[in-house]
Engineer: 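Structure incoming, see below.
A note on names: the letters A, B, ... follow the listed sequences, proteins ahead of strands, and every chain is numbered from 1.
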There are 2 protein chains.
Amino acid sequence: MSAADQIFAMLKESSQSGAPLYLQLRKSIEEAVNRGLIGPGDALPSERDIASKADISRVTVRKAVQDLVKGGILVQRHGSGTFVAPRMERVEQSLSRLTSFTEDMARRGMSVRSVWLDRGLYAPSPDEMMVLGLSSTELVARVARLRVANDTPLAIERAAISASVLPDPEAIGSSLYAALGMTGNRPVRAVQRISATNLGDADARLLEVPPGVAGLHIERISYLASGKVIEFTRSVYRGDAYDFVAELRLTGPGEESRP
Amino acid sequence: MSAADQIFAMLKESSQSGAPLYLQLRKSIEEAVNRGLIGPGDALPSERDIASKADISRVTVRKAVQDLVKGGILVQRHGSGTFVAPRMERVEQSLSRLTSFTEDMARRGMSVRSVWLDRGLYAPSPDEMMVLGLSSTELVARVARLRVANDTPLAIERAAISASVLPDPEAIGSSLYAALGMTGNRPVRAVQRISATNLGDADARLLEVPPGVAGLHIERISYLASGKVIEFTRSVYRGDAYDFVAELRLTGPGEESRP
DNA sequence: CCGCGATAATACCAATAAAATACCAATAGC
DNA sequence: GCTATTGGTATTTTATTGGTATTATCGCGG
């Protein structure tokens, strides 16, 4: 059943309510978008299609669609069609600029230092093999450090890099990215996932909070220009002490060539 | 049976679907590559061959092929032919398409719906007065809803809007932003803060998890083009069920170290 | 009663995309 | 080099899409 059909089904269901036709239709479309039956970038059936299938005049359809265009949830292109507008959530991803830890701390006038927890070569875990594309005979370099601001521990950062790229973890200075860049392996893109977890005993002790307290769990995968995965980092932040700030911006209709 | 013939077979099968010819053809070629019928480095039949065998114009064939070239799946060499791109180039393509939460849910066939928890006018809290710039004699419209995916509660969303902008919260359809936009108060920018908290009793009960479990706490302030604050939303997501995904672009050499 | 707005229908205009035709330019093979 | 074959491009036609002006109808209040 196509998304378009679902709209019509919804329309018929909500029918005979006495309300103006264009309001019924507007609500049906609105819900279809809201439930994700038709996602951002997807095309609506043409005004004429909707009109004939719903057996109402095209101008009435148009009135409903126009309202939603004014409301910003639909976008129309003359000669082309009507499309679902990009959502806030969608724009978040592409345009968000997460302020970095050090930037943020510096702005607050806090001193930042790191304490090494671990630097060495290990046999890779299944996770690491998957993400970094390693075989079980290769080694992985693990780098773990505790981030401390104003003598308060704020985060634990654990990075995994293929040993072929970083054969000597001990040689890293203060910046992992500088070390990678010097061997010509500078990441140009990264994908981050943020979730929340209750801190385990070990991590809680390091961050000097009681076990079970909420923490931000962040996984980041960095890519080279070639598309190869270069680094895999898992960090845990104290939820009470750190805020991630993101600025979002809404833009015009995006280019979606592929359904 | 040659690889080329398989494409044509696939094309005929998928025919009469009403979709534009070049889309049908593009899909057929894409599938042939994905199934490995034609591997990296292999040559496609010439545009003219495809055109005559499929009995469509060469320009239409070209349109389909061009799209795949832009997508990095095919490579063309003038005077030589069209070839399937080496795999490395294609990895990035698939990875650069991040799926948002709602998109993800929709793709997995999950239904996303909302349950209203509250819609009404109230005397503003100190927080709300500060952020929205209200005086103590003005009212604030509060809109709260529970977001549910596949009968699993995922988030609680509480929005506060000045009553002068949204005098009748009951009249909101399924989308708050559409309601705001239709009155000419469409937000164009937003700032978000993400942190982690342990869920309180009330929120935990709504989200159907034990109290004290970690949750993502997101505060968002939306601005009009004029710079005026239009909306203030506080949301709590189940930490175990929601991932906030962000793509970062790392630019310029010698960037500062990141969190 | 009349006027006015909201609702809805009809008919026509304008922009765009889809597809076809004809011709140009680079490459491979001899 | 020449030539057949390949991709590259410009131009045009047609169908489909949204955009708009005009008119008819209903309901309600002056």
Engineer: Answer yes or no: is there a side-chain heavy-atom contact under 4.5 Å between A/Gln76 and A/Val65?
Structural biologist: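 Yes. Closest side-chain heavy atoms under 4.5 Å.
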Engineer: Return the value, rounded to whole Å, for the distance between atom CD1 of A/Ile56 and atom P of C/dT10.
Structural biologist: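 So the two atoms are 12 Å apart, to the nearest Å.
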Engineer: Whole angstrom is fine here: how far is it from CG in B/Asp49 over to C1' in D/dG7?
Structural biologist: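 So the two atoms are 13 Å apart, to the nearest Å.
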Engineer: Quick one: is A/Gln66 getting a side-chain N or O under 4.0 Å of the D/dG18 phosphate, OP1 or OP2?
Structural biologist: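 Answer no for this pair, as no side-chain N or O of A/Gln66 is under 4.0 Å from OP1 or OP2.
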Engineer: Between C/dA26 atom C1' and B/Gln76 atom CD, what is the distance in whole Å?
Structural biologist: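 So the CD-C1' distance, B/Gln76 to C/dA26, works out to 13 Å.
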Engineer: Does B/Ser80 make a side-chain N or O approach to OP1 or OP2 of D/dG7 shorter than 4.0 Å?
Structural biologist: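 Checking B/Ser80 against D/dG7: no side-chain N or O falls below 4.0 Å of OP1 or OP2.
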Engineer: For C/dA20, take OP1 and OP2 only and decide whether either is under 4.0 Å from a side-chain N or O of B/Ser57.
Structural biologist: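 Yes, B/Ser57 has a side-chain N/O under 4.0 Å of OP1/OP2 on C/dA20.
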Engineer: Just compare C/dA8, D/dT17, D/dA10 and give me whichever is closest to any side-chain atom of A/Pro20.
Structural biologist: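 Shortest atom-to-atom distance from the side chain points to C/dA8.
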Engineer: In whole angstroms, how far is the C1' atom of D/dT25 from the CG atom of A/Leu21?
Structural biologist: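 Between C1' of D/dT25 and CG of A/Leu21: 14 Å.
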Engineer: Could you tell me which non-hydrogen atom of B/Ile161 sits nearest to which non-hydrogen atom of B/Ile230, and how far apart they are?
Structural biologist: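 Looking at all heavy atoms of both residues, the closest pair is CG2-O, 3.6 Å.
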Engineer: Would you say B/Arg145 and B/Val115 make side-chain contact, with heavy atoms under 4.5 Å?
Structural biologist: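 Result no, sub-4.5 Å side-chain heavy-atom pair not found.
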Engineer: Between P on D/dG19 and CD on A/Glu47, what's the gap in Å once rounded to a whole number?
Structural biologist: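 That distance rounds to 6 Å.
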Engineer: Using whole Å, report how far CG of A/Asp55 lies from C1' of C/dA9.
Structural biologist: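 After rounding, the gap between these two atoms is 13 Å.
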Engineer: For residues B/Leu121 and B/Leu166, report the shortest heavy-atom separation together with the two atoms involved.
Structural biologist: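 Shortest heavy-atom separation between B/Leu121 and B/Leu166 comes out as CD2-O, 4.2 Å.
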Engineer: Are OP1 or OP2 of D/dG8 and a side-chain N or O of B/Arg62 less than 4.0 angstrom apart?
Structural biologist: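 So the side chain of B/Arg62 is within the cut-off, an N or O lying under 4.0 Å from OP1 or OP2 of D/dG8.
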Engineer: What is the distance, to the nearest angstrom, from the NE2 atom on A/His78 to the P atom on C/dC13?
Structural biologist: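 Going from A/His78 (NE2) to C/dC13 (P), I get 13 Å.
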Engineer: Return the 5'-most residue of the pair A/Arg48, A/Lys63 with respect to DNA chain C, ranking by each residue's nearest nucleotide.
Structural biologist: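 The answer here is A/Lys63.
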Engineer: Applying side chain to side chain donor-acceptor pair (under 3.5 Å) to B/Asn185 and B/Thr183, what does each step give before you reach the verdict?
Structural biologist: CA-CA 6 Å; B/Asn185 294 101; B/Thr183 61; 3.1 Å; yes
Engineer: Nearest whole angstrom, please: distance from the P of C/dA20 to the OH of B/Tyr22.
Structural biologist: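 Rounding to the nearest Å, OH of B/Tyr22 and P of C/dA20 are 14 Å apart.
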Engineer: Between the side-chain atoms of B/Arg58 and the base atoms of D/dG8, is any donor-acceptor pair under 3.5 Å?
Structural biologist: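 Check passes, donor-acceptor contact within cut-off.
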Engineer: Measure from the side chain of B/Thr60, starting at C-beta and using heavy atoms only, and say which of C/dT21, D/dT20, C/dA19 lies closest.
Structural biologist: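 Nearest to the side-chain atoms of B/Thr60, counting from C-beta on, is C/dA19.
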